[in-house]
*Asks:* 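Shown below is the structure under consideration.
In what follows, chains carry the letters A, B, and so on, assigned in the order in which the sequence lines appear, proteins first and then strands, with residues in each chain numbered from 1.
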Amino acid sequence: MSFSIKKEGEIVVVDVEGQLIVGNRQELKQKVLDELERGEKKFLIDFAQTGYIDSSGLGVLVSLSKKIREQGGELRLANLNDDLKTLFELTKLDTLFQISDTRDRALSSF
Amino acid sequence: MSFSIKKEGEIVVVDVEGQLIVGNRQELKQKVLDELERGEKKFLIDFAQTGYIDSSGLGVLVSLSKKIREQGGELRLANLNDDLKTLFELTKLDTLFQISDTRDRALSSF
Amino acid sequence: MAASSQSDAGLRVSLEVEIPSDVAFIERVVDLVRHSCSELSFNSHQLALNVPVALSEALSNAILRGNLEDPAKRVLVRARVDDSRLVLEIADEGVRFDIDAKTRDATDPDNLEREDGRGLFLMRALMDHVERFDAGPVGTLGNVVRLTLARG
Amino acid sequence: MAASSQSDAGLRVSLEVEIPSDVAFIERVVDLVRHSCSELSFNSHQLALNVPVALSEALSNAILRGNLEDPAKRVLVRARVDDSRLVLEIADEGVRFDIDAKTRDATDPDNLEREDGRGLFLMRALMDHVERFDAGPVGTLGNVVRLTLARG
Ligand SMILES: Nc1ncnc2c1ncn2[C@@H]1O[C@H](COP(=O)(O)OP(=O)(O)O)[C@@H](O)[C@H]1O
Ligand SMILES: Nc1ncnc2c1ncn2[C@@H]1O[C@H](COP(=O)(O)OP(=O)(O)O)[C@@H](O)[C@H]1O
């Protein structure tokens, strides 16, 4: 599992490859916080290549979303497959995040 | 696992997809014997897409080779990966069969 | 494959995995259990969501909350799978806990923005049954969390 | 994956699979055992050749020679894998046999064109140890064949 980060215009796009779980969520958190510190404001996390997410992975997303908002920024999510959607719905986190079906839609929604 | 058969010129080419083991070797045997009965003489079995072969799979190859020879035909094998080669070497069956590295070489060797 | 057109009746798999108290092992345990379930034709949602997430939660609780990452303590996972269901037992060597008292409703507006506390909630949402019992007799340490899921 | 960069030390898997006396189940048992070995980083040749072929041989013997495909009889496979080796035990409910007497040299010119009789030979060629013992006390039925392979 790994996280790759790149810029699309002024949006920081993070791809989550593999699982987002207790064993690696700190790495995601740190990478995004580093960008936030550098002054970035717009973040998109793309789950097209993600397997499963556990509660600690969800927790990191919640906490990042809060920190980004505190800096006047925005976090969006894209490409949740059906199972990941179910996970967000079960926890009502689908009401907390801006979720787009595709990366393009997410990029143009900022 | 499955076996697909097609003609290349006057050569009957069989692709072994998946395993060649006790559970499916009769199917391979029957398919080849059917062609032999129809008058076909030249046979190439291609293992490019094969997983593992067990002793009963090897046994079917030995028995087909005998039956084809009895009808004045020829059987050649192609595309054994390193592990399958080892299997033929361990049992000295590499001395019994005509084995080619590639399908093209096998086809042009008839 | 011939295998998938074949009935599962009569196939029974039981798996025991022992790991150190280290979250780096979670993914491999999940893979092993998931693979067993896939050989028994559990459905794709169960394989991609229910089983991996619920088991990850139970494992991280056993490692982090139960064993407190003590390298001297181990986590034992037992999985039994047949053509009707999966039964998972995750055993730690930690202090006992009250699973009902510790389960929080993650969808409660007060909890929605919390970073933690969704593990037991998700296990219950994703499995048919979640039980906790003592690993040994009175006075000893250790929790066993048992998760049951009917094949869908 | 983080998992593969992680040491295997301390991971121990044990798998028990029970199947009917039907060769259609062989491939799935092989898959399960192979998957356990792959989580413990056995090398690619062991995963593609030694383990699947030796186990298939032992399973077909147990099903066809031991249990004679009797639907009332079952085959039990036990696999224990850790960071040093794989130990496989394949148990049938059939009449006892003498494994040394029954092993043929497949490379003997007299045997080269035989259709059968390469199973025990291959098990011995592909595994570090092959043993047979009685499944139960004197007077009962059942063979256990134990195959051992050091992780390469
Ligand atoms: N195996 C365990 N051993 C001890 N305590 C546990 C165990 N599993 C869960 N708990 C307790 O239940 C609480 C809630 O667990 P959970 O819902 O998974 O959320 P989190 O682990 O994020 O706090 C934990 O904080 C812990 O106090
Ligand atoms: N599990 C078993 N139960 C009874 N007999 C067995 C068993 N395994 C092997 N044998 C005996 O050993 C012989 C040789 O086995 P093997 O080398 O695998 O070749 P094959 O099965 O093709 O004959 C068998 O024919 C059978 O008589």
*Asks:* Taking atom types as modelled and ignoring hydrogens, do the side chains of B:D34 and B:Q30 form a donor-acceptor contact shorter than 3.5 angstrom?
*Replies:* yes
*Asks:* Which answer fits D:L112, side chain, backbone, both or neither, if we ask what part of it has an atom under 4.5 Å from a heavy atom of chain B?
*Replies:* both
*Asks:* Which region of D:T107, side chain (C-beta onward) or backbone (N, CA, C, O), has a non-hydrogen atom less than 4.5 Å from a non-hydrogen atom of chain B, or is it both or neither?
*Replies:*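 It is both, since atoms from each part get that close.
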*Asks:* D:N111, D:V30, D:I26: which one forms the most heavy-atom pairs within less than 4.5 Å of chain B?
*Replies:*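 Highest number of heavy-atom pairs under 4.5 Å: D:V30.
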*Asks:* Go through D:A54, D:S56, D:A125, D:S44 and name the one with the most non-hydrogen pairs under 4.5 angstrom from chain B.
*Replies:*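 Ranked by heavy-atom pairs under 4.5 Å with chain B, first place is D:S56.
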*Asks:* Can B:R69 and B:S65 be counted as having a side-chain donor-acceptor contact under 3.5 angstrom?
*Replies:* yes
*Asks:* Are B:R76 and B:S100 linked by a side-chain donor-acceptor pair shorter than 3.5 Å?
*Replies:* no
*Asks:* Heavy-atom distance under 4.5 Å to chain B: side chain of D:L64, backbone, both or neither?
*Replies:*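 Interface part for D:L64: side chain.
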*Asks:* Closer than 3.5 angstrom, by distance alone: can the side chain of D:E131 be matched with the main-chain N or O of D:V145 as a donor-acceptor pair?
*Replies:*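 Side chain of D:E131 to backbone of D:V145, a donor-acceptor pair under 3.5 Å: no, none is there.
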*Asks:* Let me know if B:T95 has heavy atoms under 4.5 Å from chain D in its side chain, its backbone, both or neither.
*Replies:*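 Only the side chain of B:T95 comes within 4.5 Å of chain D.
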*Asks:* Below 4.5 Å from any heavy atom of chain D, which atoms of B:I53 appear? Answer side chain, backbone, both or neither.
*Replies:*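 Backbone only.
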*Asks:* Relative to chain D, which segment of B:L96 carries a heavy atom at a distance below 4.5 Å: side chain, backbone, both, or neither?
*Replies:* side chain
*Asks:* Any donor and acceptor pair, going by atom type alone, linking the side chain of D:E115 with main-chain N or O of B:V62 inside 3.5 Å?
*Replies:*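 Looks like no, no N/O pair under 3.5 Å.
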*Asks:* Between D:R96 and D:D134 (side chain of the first, backbone of the second, donor and acceptor by atom type, cut-off under 3.5 Å), is there such a pair?
*Replies:*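 Here the side-chain-to-backbone pair does not exist.
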*Asks:* Counting only non-hydrogen atoms closer than 4.5 Å, does D:E113 touch chain B with its backbone (N, CA, C, O), its side chain (CB onward), both, or neither?
*Replies:*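 Both parts, backbone and side chain.
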*Asks:* Is there a donor-acceptor contact under 3.5 Å from the side chain of D:S14 to the main chain of D:R80?
*Replies:*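 Between the backbone of D:R80 and the side chain of D:S14 there is no qualifying donor-acceptor contact (under 3.5 Å).
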*Asks:* Identify which part of D:L126 has an atom lying under 4.5 Å from any heavy atom of chain B, answering side chain, backbone, both or neither.
*Replies:*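 Side chain only.
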*Asks:* Heavy-atom distances under 4.5 Å only: say whether D:R124 touches chain B with side chain, backbone, both or neither.
*Replies:* neither
*Asks:* Is a side-chain donor-acceptor pair under 3.5 Å present for D:S21 with D:N67?
*Replies:*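 On atom types as modelled, these side chains qualify, holding a pair under 3.5 Å.
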